[in-house]
Undergrad: 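Take a look at the following structure, please.
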There are 2 protein chains.
Amino acid sequence: MRILAADQFQLKREVEYGTPEQNEAVRQIVAAVQKEGDAALLRYTEQFDGVRLEAGSLRVPEEEIQAAYDRVDSDFLIAIREAAVNIRAFHEKQMRKSWMDLQPDGSMLGQIMRPLKRVGLYVPGGKAAYPSSVLMNVIPAQVAGVPEIVMVTPPSTGGKEGIDPYILVTAAEAGVKEMYRVGGAQAVAALAYGTSSIPPVDKICGPGNIYVALAKRLVFGAVNIDSIAGPSEIIVLADDSADPSYVAADLLSQAEHDEMASAILVTPSQKLAEAVASEVEKQLAELPREAIARRSIDDYGAILTVGSIEEGIAVVNRLAPEHLEVMTEDPMRYLGMIENAGAIFLGPYSSEPVGDYFAGPNHIIPTNGTARFSSPVNVDDFLKKSSLIYYSKEALMASGEKIITLARHEGLEGHARAVEIRLEREGGKGK
Amino acid sequence: MRILAADQFQLKREVEYGTPEQNEAVRQIVAAVQKEGDAALLRYTEQFDGVRLEAGSLRVPEEEIQAAYDRVDSDFLIAIREAAVNIRAFHEKQMRKSWMDLQPDGSMLGQIMRPLKRVGLYVPGGKAAYPSSVLMNVIPAQVAGVPEIVMVTPPSTGGKEGIDPYILVTAAEAGVKEMYRVGGAQAVAALAYGTSSIPPVDKICGPGNIYVALAKRLVFGAVNIDSIAGPSEIIVLADDSADPSYVAADLLSQAEHDEMASAILVTPSQKLAEAVASEVEKQLAELPREAIARRSIDDYGAILTVGSIEEGIAVVNRLAPEHLEVMTEDPMRYLGMIENAGAIFLGPYSSEPVGDYFAGPNHIIPTNGTARFSSPVNVDDFLKKSSLIYYSKEALMASGEKIITLARHEGLEGHARAVEIRLEREGGKGK
């Protein structure tokens, strides 16, 4: 793993917008689903997934979900249930209440928080179907109070027909009652515009391939979408107190995700830098996903040396990583200085997989430097706010003239008159 | 104003994506600013605004801001100051705190709330420059704690050189210290990528023409942007207790905004429907912006009759208006049934301009049915959250095996090993 001075490093990535052909294909699929509904869904499912479904069989029947329970390991079930409890507990702490501010003149102002009514979760097929991601999307929506959460996923998994039983069980455990066997851009279109089998939703979440991502971008505005995730990143900020084998293992747990994943160590310690470089090489050689992890380490990984932990924090704030691990003496003391990081893991036992699977905070976190201005998935993502304004007669009479002044200044006479007519009729202001 | 049954009405609008030529022009401008910086800003300012600025004179000098105070009416200044106090008070009630959850095993989980570091506000030139919108963008950012808020606006106003003094004074009153005389797509590019005069921001807010909107869409991802507003809407839900002249005046205050604005009355009362139709005609004839308001009323306005207020609420929830006024007997009793409305105005004295200018809630509200899933501008828009995970040794040793189970199930052996190496070294688990 290359060791360089921090100021020599830039992490450069492109946002994927797809080829013109991919964009055109997605446009056509979305238009066909909008026009033909279920018929288009069945046609594309045969064409892209090689599965011929009967009309009316898009919804996964309850028996199939129940049968999936017989096909999953009990160890998995125990672990996913405990993870769900932790994720729910963490997200419940985020829940907000509507509030009102009552004023002595009888006026009331407030903010009303309501859940979205219906949310759709896309779960990719094959190896990209992660049960943990099902929990991370469904539970925050549930905690927000979303009454209808639906899942869509392709009808075949890695060449085999049928949906991965682990996905079905995890969704059922999380409380999803409505699941459909449909994937790709056609599934996104169905969620956005509705078909006779699949009523439309207010927001579409979940990862997918480039066609799914382009379809989400296309339907945005008709419905809300979550952010479109880039490749994963970690920065480990560590000093001499860190165990190089822990640091290396954590870097590799990120690197194995994807050839474009980025794993970076930032350290003031030359000794740690060298020890981690050699540990990474040693652990890499034994990793099943060695080829992927090696490309990631070579192309997007680095060990950056800095003059001090404080200098290292400046590097962190510049790169704004998705994940940050702080493995220094007394890591808590640096928390106030960290401005930009999606999730912050402190100390030697807060290895990133703890957050990926189990502790409770969400593992869907802003990538590609967007932690500068955005946040991990959270309950707010499934709430909408309405402003509430109840003005008393007294309040309007007291402030009406000022409102009229401001409206007239902006050339909006109709606005001024809407207030003025009330002052004339009820405020003793003659015409 | 046409009167029809509610089920005969659909409000249909297109999102504006610009022509291919407009998109290409914006792409070129953004690329030039990214490459050439200030030189490109000066060139485009001469080309599009007809104003030749010296290098280094993009920033509005403090003296110009102070001089603007001599050019504004004292009535305006008094009113805008009081509006600012109200807006600040309402937004301060939204402020959130970082929190931590301490667990008996020593673990800590939390959510850290931090303000964005730097936010840019676009203010259009000419008649579209509304002081009230400056307050509605700047104050929530300030309340969130954003330390750097900058304003950009074209250097000429409606053919005259120099920035509208009302805009300068309002921005100064709101606390903006950094203002630049640059507009259009070039200003958006400067905010997104930075030039030697204008450091880059984390988020760009504020309305603008189609070039500004397209530029915001283009730079999204490099920075955050606010939502791109569509034409304004109001639904008035009223029964026989409503004063038809108040209802008509409120509908027209919306209609005068824009030929594409939509003003709709929903009522179970045929009597009110007819009275409002005739009041609208009467008041329209006296309105300075009659031509605009008439087009809006004819093309996008309607009086919809329903069987009951409850049926009317179903219409409201389907259309999800930006603004909703409820002028019925005991309007508060319907609040729980209203699912989709950006801002809700209750009772005869809560005329929409009260919220546009003065009461405190934000006047930047989701349009075009997006109140189904989005919210008025609020303090959260200027905060980002980071998850905090501090796992104790005890916590990791207790849950490590479950994390390993979940990671292995997902085929991510590197994740499993990052935990396993710690269990082996410190948890008495032999290799």
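Residue numbers begin at 1 in each chain, while the letters A, B, ... track the order of the sequences. All heavy atoms count here, side chains included; hydrogens, waters and symmetry mates do not.
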Undergrad: Just give me the residue among B:Lys402, B:His415, B:Lys393 that pairs up with chain A most often, heavy atom to heavy atom, under 4.5 Å.
TA: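 Most pairs with chain A among the choices: B:His415.
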Undergrad: Using a cut-off of under 4.5 Å for heavy-atom pairs, which of B:Leu406, B:Leu335, B:Thr405 has the most such pairs with chain A?
TA: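 Going by pairs under 4.5 Å, I would pick B:Leu406.
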Undergrad: Please flag which part of A:Ser107 lies under 4.5 Å from any non-hydrogen atom of chain B: side chain, backbone, both or neither.
TA: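 A:Ser107 has no heavy atom closer than 4.5 Å to chain B.
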Undergrad: Taking B:Ile78, B:Asn86, B:Leu287 one by one, which has the highest count of heavy-atom pairs under 4.5 Å against chain A?
TA: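 Result: the option with the highest number of such pairs is B:Leu287.
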Undergrad: Flag yes if more than 12 heavy atoms outside A:Tyr390 fall under 6.0 Å of its OH atom; otherwise flag no.
TA: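 Counting other residues, nucleotides and ligands, OH of A:Tyr390 stays at 12 neighbours or fewer.
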Undergrad: Please identify, among A:Ala89, A:Ala395, A:Ser399, A:Pro115, the residue contributing the most non-hydrogen atom pairs under 4.5 Å to chain B.
TA: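 Counting heavy-atom pairs under 4.5 Å, the top option is A:Ser399.
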Undergrad: Which residue out of B:Ala255, B:Gly411, B:Ala79, B:Ser387 racks up the most heavy-atom pairs below 4.5 Å with chain A?
TA: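 Looking at each of B:Ala255, B:Gly411, B:Ala79, B:Ser387 in turn, B:Ser387 comes out on top.
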Undergrad: Could you look at A:Leu251 and say if it's the side chain, the backbone, both or neither that has a heavy atom under 4.5 Å from chain B?
TA: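 Neither part.
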Undergrad: Taking the side chain as every heavy atom from C-beta outward, state whether A:Leu412 and B:Tyr357 have any pair of such atoms under 4.5 Å apart.
TA: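 Yes, at least one pair of side-chain atoms sits under 4.5 Å.
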Undergrad: By a 4.5 Å heavy-atom criterion (distance strictly below it), what part of A:Arg372 contacts chain B: side chain, backbone, both, or neither?
TA: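 For A:Arg372, heavy atoms of backbone and side chain both lie under 4.5 Å from chain B.
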Undergrad: Against chain B, label A:Ile338 side chain, backbone, both or neither, depending on which of its atoms sit under 4.5 Å from a heavy atom there.
TA: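 Both backbone and side chain.
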Undergrad: Against chain B, work out which of A:Asn340, A:Asp380, A:Val119, A:Ile80 has the most heavy-atom pairs shorter than 4.5 Å and name it.
TA: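 When all of A:Asn340, A:Asp380, A:Val119, A:Ile80 are compared, A:Asp380 has the most.
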Undergrad: Select one option (side chain, backbone, both, neither) describing which atoms of A:Ala83 are under 4.5 Å from chain B's heavy atoms.
TA: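 Contact with chain B involves the side chain of A:Ala83 alone.
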Undergrad: Top residue by heavy-atom pair count (under 4.5 Å) with chain A, among B:Ser227, B:Gly342, B:Ala341?
TA: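 Heavy-atom pair counts peak at B:Gly342.
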Undergrad: Hey, which of A:Val419, A:Asp73, A:Asp356, A:Thr370 has the most heavy atom pairs under 4.5 Å with chain B?
TA: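 That would be A:Asp356.
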Undergrad: Less than 4.0 Å between a side-chain N and a carboxylate O, is that true for B:Arg408 and B:Glu420?
TA: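 Yes, charged N to carboxylate O under 4.0 Å.
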Undergrad: Give the member of A:Ser374, A:Ser98, A:Gly360, A:Ser132 that has the highest number of heavy-atom pairs under 4.5 Å with chain B.
TA: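 Heavy-atom pairs under 4.5 Å are most numerous for A:Ser132.
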Undergrad: With a 4.5 angstrom heavy-atom cut-off, is it the side chain or the backbone of A:Val201 that approaches chain B, or both, or neither?
TA: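 Backbone of A:Val201 only, per the 4.5 Å heavy-atom cut-off to chain B.
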Undergrad: Would you mind reporting whether B:Arg289 and B:His257 have side-chain heavy atoms less than 4.5 Å apart?
TA: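 No - every pair of side-chain heavy atoms lies 4.5 Å or more apart.
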Undergrad: If you compare all heavy atoms of B:Pro376 against all heavy atoms of A:Lys385, which two are closest, and at what distance to 0.1 Å?
TA: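 The pair with the smallest heavy-atom distance is CD-O, 3.0 Å.
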Undergrad: Relative to the ring of A:Phe76, is the ring of A:Tyr166 parallel (under 30°), tilted (30 to 60°) or perpendicular (over 60°)?
TA: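 Plane angle over 60°, so perpendicular.
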Undergrad: Establish, for the pair B:Arg422 and A:Tyr246, whether the NZ or CZ atom is under 6.0 angstrom from the six-membered ring centre and no further than 45 degrees off its axis.
TA: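 Output yes; distance and angle both within limits.
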Undergrad: Output the option from B:Asp250, B:Ile112, B:Leu116 having the highest count of non-hydrogen pairs under 4.5 Å with chain A.
TA: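 When all of B:Asp250, B:Ile112, B:Leu116 are compared, B:Asp250 has the most.
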Undergrad: Give, as side chain, backbone, both or neither, the part of A:Leu396 having an atom under 4.5 angstrom from any heavy atom of chain B.
TA: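 The side chain, not the backbone.
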Undergrad: Charged N to carboxylate O below 4.0 Å: is that the case for A:Asp202 and A:Lys384?
TA: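 Looking at A:Lys384 together with A:Asp202, the answer is no, because their closest N to O distance does not fall below 4.0 Å.
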Undergrad: Of the listed residues (A:Ala249, A:Ala416, A:Gly355, A:Pro353), which shares the most heavy-atom pairs with chain B below a 4.5 Å separation?
TA: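 Max contact count across the listed options: A:Pro353.
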Undergrad: So what's closer than 4.5 Å to chain B heavy atoms on A:His409: side chain, backbone, both or neither?
TA: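 When you check distances to chain B, only side chain atoms of A:His409 fall under 4.5 Å.
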Undergrad: Could you pull out the closest heavy-atom pair between B:Pro361 and B:His91, with the gap in Å?
TA: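 Nearest pair, atom of B:Pro361 first, then B:His91: C-CE1, 4.3 Å.
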Undergrad: What distance do A:Glu352 atom CD and B:Ile403 atom CD1 have between them, rounded to the nearest 0.5 Å?
TA: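 So the gap between those two atoms works out to 11.5 Å.
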Undergrad: Heavy-atom distance under 4.5 Å to chain B: side chain of A:Ala371, backbone, both or neither?
TA: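 Only the backbone of A:Ala371 comes within 4.5 Å of chain B.
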Undergrad: Can you say whether B:Asp101 sits under 4.5 Å from chain A via the side chain, the backbone, both, or neither, judging by heavy atoms?
TA: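 For B:Asp101, the contact with chain A is made by the side chain alone.
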Undergrad: According to the interplanar angle, ranging from 0 to 90°, do the rings of B:Trp99 and A:Phe90 count as parallel (below 30°), tilted (30 to 60°) or perpendicular (above 60°)?
TA: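 Geometry flag for A:Phe90 against B:Trp99: tilted rings.
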Undergrad: For A:His323 and A:Phe345, take the angle between the two ring planes, folded into 0 to 90°, and tell me which bin it lands in: parallel under 30, tilted 30 to 60, perpendicular over 60.
TA: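 Ring orientation, 0 to 90° scale: tilted.
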Undergrad: Sort out for me which of A:Asp75, A:Asp243, A:Leu109 touches chain B most, counting heavy-atom pairs under 4.5 Å.
TA: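 That would be A:Leu109.
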Undergrad: Check for me whether A:Lys203 meets the cation-pi criterion with A:Phe382, that is, NZ or CZ under 6.0 Å from the six-membered ring centre and within 45 degrees of the ring axis.
TA: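 That pair qualifies as a cation-pi contact.
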Undergrad: With a 4.5 angstrom heavy-atom cut-off, is it the side chain or the backbone of A:Glu413 that approaches chain B, or both, or neither?
TA: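 Both backbone and side chain.
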Undergrad: To the nearest 0.5 Å, how far apart are CG in B:Asp381 and OG in B:Ser375?
TA: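 The CG atom of B:Asp381 sits 7.5 Å away from the OG atom of B:Ser375.
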